[in-house]
Amino acid sequence: MQFSNPDVLWGLFALLIPIIIHLFNFRRYRKIYFTNVKELQDISIKTQKNARLKKIIVLALRMLTITALVIAFAGPYRSDSQQQISSGTSYVSIYIDNSFSMEATEGGMPLLDIAKKRADDIIKSYSVSDHFQLITNDFDAKQQRFLNRDECAEEIEKISYSPIVRTIEEIQTRQHNLLSEVEGDKNCYLISDFQQSTHQLDQLQEVADISTVLMPLEAETRYNISIDSCWFSTPIHQVNELNRLFIKIKSTAEESLKKIPIRLIINNKQVGLANFDLEPKSETVIEIPFTIHEQGVCKAVLEITDFPITFDDTFYFTFSISEEIGVIELTEKMNTPYLSTLFGKDSAFRFSKSGLQRFDFSQLETHSMVVLSSVKSISSGLFESLQTFVAEGGSLVIFYPIESKDQTLKEMLSGFQLPAPMFLDTIATQFSKIALQDMLFSDVFERVPENMEMPTVLKHWDFAIDTHSDPLITFENGAPALLRVAYENGWVYVFPFPLDENNNNFPKQPLFVPTMLRMALLSVPYDDLYKIIGQDPFVAFRNVNMVGDAVPHISNGKDFSFIPGVQNQQRETRFFLYDNIKESGFFSIITGIDSLSFALNYNRKESIPNCFTIDDLNDVITEHHFQNIKVLHNGNLPVSEAITLLHQGDLLWRWFILAVLLFLLGEVLILRFWK
């Protein structure tokens, strides 16, 4: 048995009081004379023996009463732990999981409300002189300091749901950092549902002088339906054209779900509705076709209905409806049909062909991609116009002529930071390696078949590969068959051979079509459909117009606005969010000229509600032999009492108080009935 307040044991000296009282009896006796005392002498002997025994028993009961009372106030307890109870100041760090998975309920009450109630009970189990740190997933700056008990209670009441997801390692690191700065009794509490998708138990950290208590919460029902992601069949969307939207839906339910409706709302109008079925614990991809009749930015929302976890029932995304993609071919041979056949019959493109002599430079403003084929030299005016065209986000494709000895083409390559051709290779070779992971081919091939027929080139220029250029396709001899370089906001592609069937069969091979189409599609600024809160630190746009020293700001169009960080990259402008946005929805970046729209969604990691059980937590503690990490499941006990039992072991003071009452009752009964 140990004592939390051993100094109180000095009160055992009070045992001298009943001893002194019983040793010195100050009652005065009166003498009474009797004529016949023989019978009285027998009575007197018996009475003295009873009185002496009665006094000894009463003395013993009184001493036992004082002893039990003193021990009760000394805080007796029995514990198997080696940890001693501190009677000084305690420093307590409490983490409350306020992620969206805490929307699940227990007994009709959300887990977050239960967590807040338990945190309040924790601080009430400590003294008013103790210090408290309150941590949530938000990791606000104010959570890096200690509060008194009343301040901590006020902050607990203010806690609301957060879209940010934290790991156990991040949480404990933040707790230990502050506790390492103080001396005293240190305690950490983690109140969470310990979701498997976000918490890795192998990240648990034990610190020798810090006691850690895990307080798991269990929901009544653990299933959820969520909209995981969405994408289009093509990145280009046009007016009055059929668009095909694909949506991935996930379910963790134990049973099959039938005819679940999902709505598609664009610019506040419902344009699509579909029903889907889900097998137990599965996912499915559904398609919603729709048509848009107006140009501009479209703000789209997908909606389903599912309780009690609702944060992932809505999905926001944006896309743009634009005109046809303008592609122009500049050539000295007007009879080459390859590009006109490819782009001229596709309604998504607006194709034109022009000779160099008749070309109006102003036409570049209405096109997104320019192809130089069979061009042996260019004028300085055309080169300057092409530089401006690429710098503003256009794409330039160059089929380098075999017979060119003109310096203007080499100067143009140098102007775009491309290497000059070193020598003409006259040995026939084939395409060999394709950069499948590059964005030019990432959505084209899953893999290249081993027996795929590759284009053959009879003659080609051998270009050096430097740090500025990326070889997207290489020949069998390792020389680049397609080079690309980023130039400010645009791309420049170079094939080291002409677009001529007398030199190569590239225009007639299957690789020609996806390569040229992807170049054209990527020539149009294509922004992400959506971003994830807490995961994507910035949003990026191409061709952003800024007005002088105007300061851009991000707004939700209502009551929320802030100034983002701005960084100009080679091809885009990035706007950093700095974790300022906590709610999903649509937002706009106002730059002074443009208003750029984007969508933010909550992280879907919380959509899988599988959680670690109490047994799982105990198993990890046992496996790693943790001494200062414990699991608290209070059951029917009040939280404050469960915490005390956890830290101090089995409290014995109640038994000593009961003993005090029994001893007093025994004394009263003896004095009352023992005559």
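None of these values were measured; they are calculated from a predicted model.
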Distance-only, no hydrogens or angles: does the [X] side chain make a donor-acceptor pair with backbone N or O of [Y] under 3.5 Å?
{"X": "Asp470", "Y": "Leu472", "value": "no"}
{"X": "Lys353", "Y": "Thr336", "value": "yes"}
{"X": "Arg166", "Y": "Ile171", "value": "no"}
{"X": "Arg574", "Y": "Val566", "value": "no"}
{"X": "Gln195", "Y": "Glu606", "value": "yes"}
{"X": "Ser385", "Y": "Gly381", "value": "yes"}
{"X": "Asn137", "Y": "Ile164", "value": "yes"}
{"X": "Gln143", "Y": "Thr136", "value": "yes"}
{"X": "Asn267", "Y": "Lys299", "value": "yes"}
{"X": "Asn243", "Y": "Glu241", "value": "yes"}

Open item on the list: Using the side chain to side chain donor-acceptor pair (under 3.5 Å) definition, which of the options Ser354, Ser373, Ser352 pairs with Glu329?
Closed with: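 Considering Ser354, Ser373, Ser352, a side chain to side chain donor-acceptor pair (under 3.5 Å) with Glu329 is found only for Ser373.
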
Say whether [X] and [Y], considering side chains only, have a donor N or O and an acceptor N or O under 3.5 Å apart.
{"X": "Gln200", "Y": "Thr167", "result": "no"}
{"X": "Asn224", "Y": "Thr252", "result": "no"}
{"X": "Ser162", "Y": "Asp138", "result": "yes"}
{"X": "Asp360", "Y": "Ser362", "result": "yes"}

- [ ] Check the angle between the aromatic planes of Phe343 and Phe351 and answer parallel, tilted or perpendicular using the 30° and 60° thresholds.
- [x] parallel

TODO: Determine the interplanar angle of the Phe512 and Phe506 rings, folded into 0 to 90°, and report it as parallel if under 30°, tilted if 30 to 60°, perpendicular if over 60°.
DONE: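 Plane angle over 60°, so perpendicular.
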
Pairwise side-chain contact, [X] with [Y], heavy-atom cut-off 4.5 Å (strictly under):
{"X": "Phe139", "Y": "Arg174", "value": "yes"}
{"X": "Gln196", "Y": "Leu201", "value": "no"}
{"X": "Glu324", "Y": "Asp346", "value": "no"}
{"X": "Val492", "Y": "Leu386", "value": "no"}
{"X": "Gln175", "Y": "Leu190", "value": "yes"}
{"X": "Phe541", "Y": "Phe575", "value": "yes"}
{"X": "Met369", "Y": "Val524", "value": "no"}
{"X": "Val494", "Y": "Leu418", "value": "yes"}

Between atom [atom1] of [X] and atom [atom2] of [Y], what is the distance when rounded to the nearest 0.5 Å?
{"X": "Tyr493", "Y": "Leu482", "atom1": "OH", "atom2": "CG", "value": "8.0 Å"}
{"X": "Ile325", "Y": "Met519", "atom1": "CD1", "atom2": "CE", "value": "14.0 Å"}
{"X": "Lys345", "Y": "Ser340", "atom1": "NZ", "atom2": "OG", "value": "8.5 Å"}
{"X": "Leu134", "Y": "Glu155", "atom1": "CG", "atom2": "CD", "value": "7.0 Å"}
{"X": "Asp313", "Y": "Asp306", "atom1": "CG", "atom2": "CG", "value": "5.0 Å"}
{"X": "Leu382", "Y": "Gln387", "atom1": "CG", "atom2": "CD", "value": "10.5 Å"}

Centroid-to-centroid, [X] to [Y], below 6.0 Å?
{"X": "Phe311", "Y": "Tyr161", "result": "no"}
{"X": "Phe495", "Y": "Phe399", "result": "yes"}
{"X": "Tyr530", "Y": "Phe315", "result": "yes"}
{"X": "His237", "Y": "Phe232", "result": "yes"}

To check you understand the geometry: which heavy-atom pair defines the closest contact between [X] and [Y], and what is its length?
{"X": "Thr515", "Y": "Leu511", "value": "OG1-O, 2.7 Å"}
{"X": "Ser251", "Y": "Ala253", "value": "OG-N, 3.2 Å"}
{"X": "Met412", "Y": "Ile398", "value": "CE-CD1, 3.4 Å"}
{"X": "Phe587", "Y": "Ser584", "value": "CE1-C, 4.4 Å"}
{"X": "Leu257", "Y": "Ile225", "value": "CD1-CD1, 3.1 Å"}
{"X": "Leu342", "Y": "Val513", "value": "CD1-CG1, 3.7 Å"}

Within the supplied structure, the quantity of interest is the number of heavy atoms (other residues, nucleotides, ligands) at a distance under 6.0 Å from [X] [atom1]; does it exceed 12?
{"X": "Ile563", "atom1": "CD1", "answer": "no"}
{"X": "Lys582", "atom1": "NZ", "answer": "yes"}
{"X": "Lys605", "atom1": "NZ", "answer": "no"}
{"X": "Asn240", "atom1": "CG", "answer": "yes"}
{"X": "Phe307", "atom1": "CZ", "answer": "no"}
{"X": "Glu303", "atom1": "CD", "answer": "yes"}

- [ ] Any chance you could lay out the side chain to side chain donor-acceptor pair (under 3.5 Å) test for Asp228 and Ser226, step after step, and finish with the verdict?
- [x] CA-CA 6 Å; Asp228 180 76; Ser226 64; 5.6 Å; no

- [ ] Check step by step if side chain to side chain contact (heavy atoms under 4.5 Å, CB included) holds for Leu413 and Tyr400.
- [x] CA-CA 10 Å; Leu413 295 178; Tyr400 206 84; 3.6 Å; yes

Open item on the list: Is the positively charged end of Arg518 above the ring of Phe441, judged by distance under 6.0 angstrom from the centroid and angle within 45° of the axis?
Closed with: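 So Arg518 doesn't make the cation-pi contact.
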
- [ ] Verify side chain to side chain contact (heavy atoms under 4.5 Å, CB included) between Lys248 and Ile286, making sure each step is shown before the conclusion.
- [x] CA-CA 7 Å; Lys248 179 184 286 188; Ile286 62 174; over 6 Å; no

Open item on the list: Any carboxylate oxygen within less than 4.0 angstrom of a Lys/Arg side-chain nitrogen, looking at Asp312 and Arg604?
Closed with: no

